[in-house]
Structures are given as structure tokens and as C-alpha cells.
> 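To start, I am sharing the structure in question, which I have written as C-alpha cells.
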Amino acid sequence: MNAGKLANYTNVKARELWKTLYLCAKESSNRRFHALYDKMYRPDILAEAWKRVKANKGSSGIDNETIEYIVYEYGERNFLNDLYLELKEKSFRPSPVRRVYIPKGNGKTRPLGIPTVKDRVAQMAMKMVIEPIFEADFQDCSYGFRPKRNAHQAIAKIRKGSKKSYWVVDVDIKGYFDNINQEKLMKLVERRISDKRVLKLIRKWLQVGVMEGGQFHDTKVGTPQGGVISPLLANIYLNYMDTIWMKQFTHLGELIRYADDFVVMCRTKGQALESTKVLQGIMYKLDLTINNEKSRLVNIWDDSEGFDFLGLHHRKFPIRNKGGYTFYTMSHVPTQKAMKSMRKRIKDYISPKGKLCMDIDDLIKGLNRILQGFKNYYLLSPIGKRWLVKIDWYVLLRLTIFWNRKRNKRHKHARKKDVMKITQGKLMKIAE
């Protein structure tokens with residue numbers, strides 16, 4: 001059997017397992033699964049887990065073992081065989097995660113925990129086995145980090161809900177990933193899983209600790225951002241809120257959640273205020289705190305107010321029909337933070353001195369891939385073009401600076417028309 005057929009066979013076998021576990025969990029909401037650990041180290045599951053981790057790339061953990069090292073020196077087969085034996089013989093020991101800080105748009109930083117490649121593959125294998133079980137329980141109001149669900153679906157739900165809703169409860173949880181109560185999380189996991197080997201390994205990943213500047217720190221609270229399994233565990237934790245809301249409080253408004261960001265769309269201000277009290281009560285039970293500085297009550301009756309969610313600003317903009325009547329419809333435009341982030345990414349791509357040796361046509365090819373991603377995500381409504389036109393002009397500005405630097409011209413903003421002619425038909429326009 002050649003490699004192509006083997007890969008296809010592996011995927012088919014893995015899909016059969018996912019489907020079986022999902023259907024069994026869907027059939028009985030009280031069923032607990034006890035024989036899962038041996039499925040985690042099945043060769044086909046480990047092969048698929050490695051394939052996904054390899055595609056996601058990422059840097060090394062505390063052992064400095066990179067994906068490139070495994071591919072070109074250690075050997076993929078040797079790596080998977082060794083991991084298989086460690087898991088099967090129960091000698092696998094998670095390593096502390098490497099703590100790094102990534103910049104946020106507001107000048108602050110966000111902590112990120114990078115597990116070793118071995119841990120990432122093991123976590124991916126675990127995720128592939130237990131995810132279909134919890135997917136059977138997850139509510140329709142949740143869209144983040146779930147199979148066949150994405151941010152655009154959540155945004156479409158906002159657009160549909162805005163036709164009957166005039167108030168929005170925009171909620172931000174203070175330090176969500178860092179404040180998850182691990183004991184309560186494990187109790188929620190144990191509602192569906194009774195396999196002690198699986199539970200023990202998940203607990204080890206939660207409590208494995210972090211290495212920062214050569215110092216070891218315990219992690220008795222929270223889940224490390226950056227771990228492969230962390231988004232699933234975070235969804236399991238907040239599914240408690242989703243379930244309570246869907247069973248008892250849908251009369252107050254429609255909950256729309258993406259990971260730890262969520263909004264509630266209400267018809268009246270009274271319902272919005274009551275929703276706030278309910279959410280505070282649920283957060284108290286989960287040992288979480290609502291960030292009052294970032295959470296707000298928004299009136300979306302007209303274009304006087306809007307709210308930011310998933311990198312977009314949502315507001316009802318006025319539209320005048322042929323009869324001269326003005327009505328308001330929900331539209332989605334990039335937030336100021338998103339605009340700043342787009343400009344930074346464009347500048348970071350074009351500006352390095354090493355790029356000066358590139359031909360402008362080759363530079364544009366790479367730039368177009370970035371612009372296509374922006375267009376796919378941010379161009380959701382005709383009104384959004386007004387904002388994205390500014391990005392198109394910024395791209396032209398940066399290319400003009402590149403062109404003049406490449407030719408040692410004194411005036412870096414000169415010859416913009418020349419650059420427009422050179423890039424015409426080659427450079428993608430986001431707003432078109």
C-alpha cells in the first residue's frame with residue numbers, strides 16, 4: 001500500500017471512530033465513556049494528530065525540539081513509534097509549557113504557553129478522541145473552535161437577530177483562560193468520561209506548570225493558552241453557561257458565543273438588564289468575573305451605538321429606499337483595532353530591508369495572499385468597503401515607499417502614479 005492510499009485509509013478509519021463516538025454520545029446524554037485511552041494511541045489516530053500538528057507548524061517547547069528536527073533528523077516514523085510506546089506503556093509524562101508573551105493591539109501583551117511538539121501531538125490525539133463526545137452536548141449558540149463552525153456563522157446570527165432585537169449585552173470575561181477552576185472543569189469532563197487514564201492525563205496537562213525565564217511556576221488555576229486541547233476544555237467549561245441559558249433564559253434574549261467572547265441580543269432594555277444579572281450569577285458559579293470596563297449595554301435601535309465582536313464593529317447603518325424612507329439595517333465593518341492590525345501586518349511584510357532584493361511582482365504575489373485573507377474575513381457588507389478602501393490606499397503607500405527605497409530615491413512618497421501603473425491588474429483590491 002503506497003503512502004497516498006495509507007493516508008486516505010487512516011483518515012477513513014479515524015472518521016469512523018469520530019462518527020461512532022458522536023452518535024453514541026448523542027443517543028444518550030447520560031452515557032459515560034470508559035474505554036477511550038487505548039483509542040488515543042491507535043496508529044491511525046496518532047498519524048492524523050501528527051499531520052495536523054505539522055500543518056499548524058508552531059515553535060518548539062522547553063525541549064527545543066522543532067517540527068523540522070523531527071522531520072529531517074529524528075524521523076517521523078521514529079517519533080510516532082516512540083510516542084505510541086510511551087502512551088501504551090503509560091510512561092508518557094507531559095512537560096511544562098514554555099511561556100512567551102505576544103503583543104495585543106492595545107499595547108499590552110497576552111501570555112501564551114507553548115507545549116513541546118510531543119505534547120501537542122498527544123493533546124491532538126486526545127482531542128480527536130474526546131471531542132465528538134462533547135460535541136454531542138454543545139449548544140447551537142457556540143461557534144468558536146468547533147468543527148464546521150466559524151466566526152462568520154456567529155456574525156450571520158447577529159445580523160438575523162438584529163431584526164427583532166434592539167439591545168445588546170456585550171460581555172467580556174476577565175482573564176478567562178487564566179481563571180478557569182480546574183476542579184470544576186474536571187467535574188464537567190467527568191460527566192461524560194469515566195476512563196481514569198484519560199482523566200489523569202488531562203489533569204496532568206492542566207497542572208504541568210510553565211517555564212518562564214528559567215523559573216518554574218505552578219498552574220493550579222486556568223488552562224494554558226496555546227495548548228492544542230485548551231480550546232476544547234474552555235468550551236466544555238462555558239457549555240455549562242450555554243446549557244443553562246438555552247434551557248431557562250431564552251425568553252430574555254439570544255446568546256451568541258465564540259470561545260470566551262459572547263453577546264446576548266434582547267428585545268427590550270428590561271430583558272437586557274435581567275440578562276446581565278443572570279450572567280453574573282452564572283459567572284459566580286464558575287468562579288469567573290465579568291470585566292465591567294469592557295462589558296456594556298448597547299442600544300442598536302439606530303446608528304447611534306454599536307458594539308465590537310470578533311474583529312468587526314456591528315451597527316445599524318441608515319439606508320434610504322427609493323421612496324425616500326430611511327430604515328436601519330445591521331452591517332459589519334472592521335474595528336479600529338482590526339484596521340491597525342491590518343496596517344501593521346502589511347507594513348511588517350513589505351518593510352524589511354531583506355525584501356528590497358525582491359522583484360515587485362514577487363512581492364505582490366505574497367502580499368495578495370495576505371489581502372485575500374483580509375477580504376475573505378472583513379468584506380461582509382457593502383458599507384464595509386468604505387473602511388477597506390483605506391487599506392487599499394495604505395497598501396499602495398507602502399509599495400510606493402518600497403519602490404523608492406529600492407531605487408534610492410530621496411522622496412519616498414514620490415512616483416505613486418508609476419507604482420499604480422506597475423501594479424495595475426496584479427495587486428488585489430480588498431474593497432472590490
Side-chain angles (χ1 to χ4, degrees), residues 104-107 143 150-163 165-168 170 256 258 261 263 265 294 296 298-351 364 366-402 413 416-417 419-432:
K104 296 170 67 175
N106 56 7
Y143 293 90
N150 56 50
H152 281 181
Q153 292 172 334
I155 294 166
K157 201 72 173 178
I158 288 174
R159 186 163 57 248
K160 183 178 179 180
S162 68
K163 296 177 181 178
S165 302
Y166 308 107
W167 290 87
V168 173
D170 182 13
I256 301 166
Y258 190 97
D261 294 326
V263 296
M265 307 197 70
K294 296 183 178 180
R296 51 198 290 257
V298 184
N299 185 349
I300 59 168
W301 173 266
D302 53 23
D303 63 340
S304 59
E305 285 189 279
F307 62 97
D308 295 348
F309 185 62
L310 300 178
L312 289 156
H313 181 73
H314 312 274
R315 184 187 292 258
K316 287 186 177 179
F317 289 89
I319 295 178
R320 188 181 295 274
N321 62 16
K322 293 182 179 179
Y325 176 75
T326 299
F327 63 97
Y328 295 88
T329 182
M330 180 63 75
S331 291
H332 322 280
V333 302
T335 62
Q336 291 182 358
K337 183 178 177 181
M339 293 287 286
K340 184 178 179 181
S341 177
M342 281 189 270
R343 290 190 184 99
K344 184 179 185 303
R345 189 173 177 193
I346 290 164
K347 183 178 180 180
D348 289 347
Y349 174 77
I350 298 175
S351 295
I364 288 173
L367 184 59
N368 280 342
R369 287 192 288 270
I370 297 173
L371 299 178
Q372 183 66 61
F374 292 156
K375 186 171 186 175
N376 291 344
Y377 189 81
Y378 291 105
L379 189 58
L380 294 180
S381 60
I383 291 176
K385 291 183 179 180
R386 301 178 196 171
W387 278 258
L388 294 175
V389 162
K390 297 177 183 179
I391 299 298
D392 286 334
W393 278 107
Y394 183 76
V395 171
L396 184 61
L397 171 65
R398 298 310 314 183
L399 286 175
T400 301
I401 294 173
F402 167 84
H413 295 294
K416 185 178 290 185
K417 290 184 179 180
V419 176
M420 290 176 70
K421 289 180 181 178
I422 293 168
T423 60
Q424 189 174 9
K426 301 175 184 177
L427 180 65
M428 173 178 291
K429 300 287 186 181
I430 310 178
E432 291 181 356

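Computation of the quantities below employed the complete heavy-atom set of this structure, encompassing side-chain atoms and omitting hydrogens, waters and symmetry-equivalent molecules.
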> For side chain to side chain contact (heavy atoms under 4.5 Å, CB included), just list the numbers for Ile300 and Trp167, CA-CA rounded to whole Å, side-chain angles, deciding distance to a tenth of an Å, and then say yes or no.
CA-CA 6 Å; Ile300 59 168; Trp167 290 87; over 6 Å; no

> With a 4.5 Å cut-off on side-chain heavy atoms, are Thr329 and Lys316 touching?
no

> Does Asn368 use its side chain to pair, donor to acceptor, with the backbone of Lys426 at less than 3.5 Å?
yes

> For the atom pair NZ (Lys385) and NZ (Lys375), what is the distance rounded to the nearest 0.5 Å?
8.0 Å

> Just by modelled atom types, is the Asp308 backbone N or O under 3.5 Å from a matching donor or acceptor in the Thr335 side chain?
no

> Go through Leu397 and Trp393 one step at a time and tell me if the side chain to side chain contact (heavy atoms under 4.5 Å, CB included) criterion holds.
CA-CA 6 Å; Leu397 171 65; Trp393 278 107; over 6 Å; no

> So, for Gly306 and Val298, which heavy atoms are closest and what is the spacing to 0.1 Å?
O-CG1, 3.6 Å

> Is it the case that the side chain of Arg320 and the backbone of Thr326 share a donor-acceptor pair, with hydrogens and angles ignored and the cut-off at 3.5 Å?
no

> Do Met342 and Lys337 have side chains that approach each other closer than 4.5 Å (heavy atoms only, starting at C-beta)?
no

> Report yes if the side chains of Leu310 and Tyr377 come closer than 4.5 Å at any heavy-atom pair, otherwise no.
yes

> Side-chain contact test, heavy atoms from C-beta onward, threshold under 4.5 Å: evaluate it for Phe307 versus Glu305 and give yes or no.
no

> For the CH2 atom of Trp387 and the CG atom of Leu312, what is their distance to the nearest 0.5 Å?
11.5 Å

> Does any non-hydrogen side-chain atom of Lys340 lie less than 4.5 Å from one of Gln336?
no

> Would Gln372 and Asn376 satisfy side chain to side chain donor-acceptor pair (under 3.5 Å), going step by step from the backbone distance to the final call?
CA-CA 6 Å; Gln372 183 66 61; Asn376 291 344; 2.8 Å; yes

> Please tell me if the side chains of Val333 and Tyr378 come closer than 4.5 Å, counting only heavy atoms from C-beta onward.
no

> Quick one: do Phe374 and Leu371 satisfy side chain to side chain contact (heavy atoms under 4.5 Å, CB included)? Show the steps, please.
CA-CA 5 Å; Phe374 292 156; Leu371 299 178; 4.1 Å; yes

> I need the Asp392 CG to Leu427 CG distance, nearest 0.5 Å.
7.5 Å

> Would you confirm whether Glu432, through its side chain, and Lys429, through its main-chain N or O, come within 3.5 Å as a donor-acceptor pair?
no

> What is the minimum heavy-atom distance between Met265 and Gly161, and which atoms define it?
CE-C, 4.1 Å

> Taking atom OG of Ser331 and atom NE2 of His313, what is their separation to the nearest 0.5 Å?
10.5 Å

> Determine whether Tyr349 and Arg398 make a side-chain contact, defined as any pair of heavy atoms from C-beta on separated by less than 4.5 Å.
no

> Closest heavy-atom contact between Trp301 and Tyr166?
CE3-CD2, 3.4 Å

> Could you check whether atom NZ of Lys160 has more than 12 heavy atoms from other residues, nucleotides or ligands sitting under 6.0 Å from it?
no

> Contact between Tyr143 and Ile256 at the side-chain level, heavy atoms closer than 4.5 Å - yes or no?
yes

> Show your reasoning for whether side chain to side chain contact (heavy atoms under 4.5 Å, CB included) applies to Phe327 and Ile319.
CA-CA 5 Å; Phe327 63 97; Ile319 295 178; 3.8 Å; yes

> Quick check: are there more than 12 heavy atoms from other residues, nucleotides or ligands sitting under 6.0 Å from OH of Tyr325?
no

> Return the CD1 to CZ distance between Ile350 and Phe402, rounded to the nearest 0.5 Å.
8.5 Å

> If the plane angle is over 60° it's perpendicular, under 30° parallel, otherwise tilted; pick one for His332 and His314.
perpendicular

> Can you tell me if Ser351 uses its side chain to pair, donor with acceptor, with the backbone of Lys347 under 3.5 Å?
yes

> Could you grab the distance from atom CZ of Arg159 to atom NE2 of His152, nearest 0.5 Å is fine?
9.5 Å

